[in-house]
Amino acid sequence: MADPTRTEFLTRFPEFNEQSPEVVDGALSEAIRFCPTTGWSATNPKLIRNDAIQYLAAHTLSMRTMQIGLQVGSVSGSPVGDRIDATLYGQEYKRLLDSQPHCGFSF
């Protein structure tokens, strides 16, 4: 199974459709680097890895969007938690990561 594409990501997370293709591709590329190809234990480890890639990319994009809003002075609420827990996407990525045996993962 190949890494998730921009089209697959935007189908799953349409809230990021307004982001430029380059920004979405960059977030996906970054997430791919932080999701190793081995170590995912499940019936379908490649599917779990693809989920993790997409949730980490969504977390990255939402944190950047939130920071842009803060920089221009908009009031959009505040993140819940900090770091990876600051978004629902990050929390889901962490849940997926925590369900794994943690051999070879860095966090």
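Just so we're clear, the structure is a prediction, and the values are computed from it rather than from any experiment.
Expressed to the nearest 0.5 Å, how far OG1 of T60 lies from OH of Y55 amounts to 14.5 Å. One finds the CD atom of E22 at 11.5 Å from the OG atom of S29 (value rounded to the nearest 0.5 Å). Taking CG from N50 and OG1 from T5, the interatomic distance works out to 9.5 Å, rounded to the nearest 0.5 Å. Rounding to the nearest 0.5 Å places CG of L61 at 10.0 Å from CG of L56. Here the CZ-CD distance, from F16 to Q54, works out to 11.5 Å after rounding to the nearest 0.5 Å.
Salt bridge D3/K46: absent, no basic N to carboxylate O contact under 4.0 Å.
When atom types are taken as modelled, the side chain of D98 and the backbone of R95 share no donor-acceptor pair closer than 3.5 angstrom. With R49 contributing its side chain and C35 its backbone, the two residues share a donor-acceptor pair below 3.5 Å. For the pair N17 (side chain) and T11 (backbone), a donor-acceptor distance under 3.5 Å is absent.
Residues E8 and I53 fail the side-chain proximity criterion, which asks for heavy atoms closer than 4.5 Å. Between Y93 and H59 the shortest side-chain heavy-atom distance does not fall below 4.5 Å.
Below 30°, between 30° and 60°, or above 60°: for F13 and F9 the angle between ring planes is between 30° and 60°, a tilted geometry.
Considering all non-hydrogen atoms of both residues, A57 and A31 come closest at N-CB, 3.8 Å.
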